[in-house]
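Read the numbers this way: they start at 1 and go in the same order the structure lists the ligands and their atoms. All residue numbers refer to positions in the sequence shown, counting from 1.
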Amino acid sequence: MADASLNPYLRAQQSFKEAVEILGLETAVFDLLKQPMRFFEVAVPVVRDDGSLEVFTGYRSQHNDALGPTKGGLRFHPNVDADEVKALSMWMTVKCALLHLPYGGGKGGVRCDVDQLSEAELERLSREYIRAIALVIGPDKDIPAPDVSTNPQIMAWMVDEYSRIRGENTFGLITGKPVAIGGSRGRVEATGRGLVHATRQLALELGIEFAKSTVAVQGFGNVGSVAAQIASDLGARVVAVSDKDGGLYHPQGLNIAHVIEYQKAHRTLTGYPEADAISNSALLELAVDVLLPAALENQLTADNASRVQARIVGEGANGPTTPEADAILFEKGVMVVPDVLGNAGGVTVSYFEWVQNQSRFYWSEAEVSQRLEAYMAEAMSAMHEMHQRFGVTLRKAAYLVAVERVAQAMRVRGWLK
Ligand code: NAD
């Protein structure tokens with residue numbers, strides 16, 4: 001195989017290959033998983049506001065549907081290309097199988113720059129993209145969701161377009177919708193909430209009492225602020241939080257509700273009076289029990305990983321730990337809850353949204369939270385068990401759990417002979 005570090009698709013293939021080998025499965029499993037079962041490249045014609053026509057390129061990848069319809073986000077970004085979409089759909093197969101959701105992995109997107117589009121152009125692009133893929137998606141085939149630069153409004157236009165084509169309301173087509181048209185309560189908080197529950201479950205299995213632990217959170221956006229609040233609600237002492245301008249530190253624990261109020265009022269954490277300032281780099285190296293990177297990729301690297309003192313790192317962000325740092329942390333005995341589980345609260349509540357749409361019966365926020373907690377804890381336990389069985393990182397263990405479940409489904413469906 002070519003140098004996998006250069007290309008996300010080759011990297012994803014390598015992770016699947018390794019998992020198949022460690023599990024001792026037949027090569028047919030890898031042969032079926034190394035590429036999407038179906039991949040579509042579509043032309044998306046959009047009338048610009050000046051009356052001209054621009055044709056964008058869109059994609060949808062359906063990696064593997066052995067466990068159920070494929071599921072995964074739609075990305076509107078200039079860097080979207082075939083290999084990225086394929087790789088991300090493979091990653092969704094792992095995420096969904098690990099969480100025991102009845103889905104395979106999917107992903108899609110349109111190569112475009114949303115900053116160059118008016119609201120009306122964005123709506124036309126969203127509707128045209130759905131028209132282009134309408135025949136191959138559906139609540140029992142492939143269920144999109146928001147991702148980079150897409151949002152609930154875009155999901156609403158898309159579900160409306162699909163419903164018009166079908167001639168019937170089909171809210172189960174897409175998740176991440178506004179609550180007014182079948183979005184789930186608790187979806188916005190799902191990722192931060194799920195991160196804390198996964199991390200708390202690991203702490204439990206390691207004999208660390210989460211309610212007595214100290215926590216540092218990097219990033220105070222949708223994921224980080226919710227995670228800090230929930231960790232604090234569960235009794236943990238959140239001693240540090242940060243945003244892009246820097247962080248706050250209080251050894252006795254921050255009052256997270258006050259910090260959130262301050263941030264809402266000032267649009268920054270800087271200047272919050274009841275804490276000391278701390279840099280983002282110093283925050284990562286604090287002597288805490290739990291570190292939650294929930295901002296950006298590549299924050300823990302070969303340069304700083306050896307100075308991490310936390311016993312558990314819970315990845316809320318995508319890819320905050322480089323492969324070199326991962327190896328260093330593993331050597332040091334620091335347990336890393338990988339992003340594939342750490343931020344899977346979003347797709348799990350997306351699943352709950354689809355269940356509610358299909359059954360036309362809607363749940364309270366408390367019901368959503370309670371069920372999310374159970375799914376995160378179960379996935380964490382399955383991954384931890386694989387980690388113990390094979391002596392691999394939790395990240396690799398996630399692939400082992402997922403590949404074993406998908407292979408089992410393919411086997412009983414008769415795909416492997
Ligand atoms: P957000 O934009 O709401 O918040 C990001 C936070 O990170 C902000 O507080 C920002 O100030 C801070 N930040 C930016 N640059 C920083 C830097 N250099 N150092 C420290 N902090 C910095 O984003 P979000 O939705 O909370 O997402 C955070 C991460 O989680 C991203 O990696 C995202 O891909 C991932 N994620 C989010 C979701 C979700 O449901 N929101 C789901 C899966 C993954």
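- Within a 6.0 Å radius of CD in Gln370, other residues, nucleotides and ligands contribute 12 heavy atoms or fewer.
- If you look at Leu296 next to ligand 1, the close heavy atoms, those under 4.0 Å, all belong to the side chain.
- Given atom 14 (C) of ligand 1, the protein heavy atom at minimum distance is Lys244 CB, 3.6 Å.
- The closest protein non-hydrogen atom to atom 32 (O) of ligand 1 is Asn318 N, 3.2 Å.
- Ranking protein heavy atoms by distance to atom 4 (O) of ligand 1, first place goes to Gly221 CA, 3.2 Å.
- Of the listed options Leu283, Val241, Asn222, Asn222 places a heavy atom closest to atom 41 (N) of ligand 1.
- In terms of protein heavy-atom proximity, atom 24 (P) of ligand 1 is nearest to Val223 CG2, 3.9 Å.
- For atom 29 (C) of ligand 1, the candidate residues are Ala295, Pro320, Ala227; the nearest heavy-atom contact is made by Ala295.
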*Verdict with supporting geometry, Glu385 and Arg389, salt bridge (Lys or Arg N to Asp or Glu O under 4.0 Å)*: CA-CA 6 Å; Glu385 200 183 302; Arg389 174 141 56 113; 5.2 Å; no
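- Using a 4.0 Å cut-off between heavy atoms, Thr191 contacts ligand 1 through its side chain alone, with no backbone atom that close.
- Between Glu205 and Gln201, the side chains place a donor N or O and an acceptor N or O closer than 3.5 Å (distance only, hydrogens not considered).
- With ligand atoms numbered from 1 in the order given, ligand 1 contributes 6 (C), 8 (C), 9 (O) to contacts under 4.0 Å with heavy atoms of Phe220.
- Remark: Asp65 does not engage Lys141 in a salt bridge, criterion side-chain N to carboxylate O under 4.0 Å.
- Across Ala398 and Leu98, no two heavy atoms sit closer than the pair CB-CD2, 3.9 Å.
- Ring geometry for Tyr129 against Phe76 counts as perpendicular: the plane angle is over 60°, on a 0 to 90° scale with 30° as the lower cut.
- Within a 4.0 Å radius of atom 26 (O) of ligand 1, the protein has at least one heavy atom.
- Salt-bridge annotation for Asp49 and Arg124: present, with a side-chain N of the basic residue lying under 4.0 Å from a carboxylate O of the acidic one.
- Looking from atom 44 (C) of ligand 1 to the surrounding protein, the closest heavy atom is Asn343 ND2, 3.4 Å.
- At a cut-off of 3.5 Å, with distance as the only test, a side-chain donor of Glu367 or Ser364 sits close to an acceptor on the other residue.
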_The test is salt bridge (Lys or Arg N to Asp or Glu O under 4.0 Å); show your working for Asp147 and Lys107 and say whether it passes._
CA-CA 9 Å; Asp147 193 75; Lys107 202 79 180 189; 3.0 Å; yes
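- At least one test fails for Lys71 against the ring of Tyr351: distance under 6.0 Å to the centre or angle within 45° of the axis.
- Considering backbone and side-chain N/O of Ser242, none are found under 3.5 Å from N/O of ligand 1.
- The distance from ligand 1 to the heavy atoms of Asn280 drops below 4.0 Å at these ligand atoms: 19 (N), 20 (C).
- Close approach to Ala294 involves these atoms of ligand 1, each under 4.0 Å from a residue heavy atom: 28 (C).
- With hydrogens left out, the protein atom closest to atom 36 (N) of ligand 1 is Gly316 O, 4.0 Å, a heavy atom.
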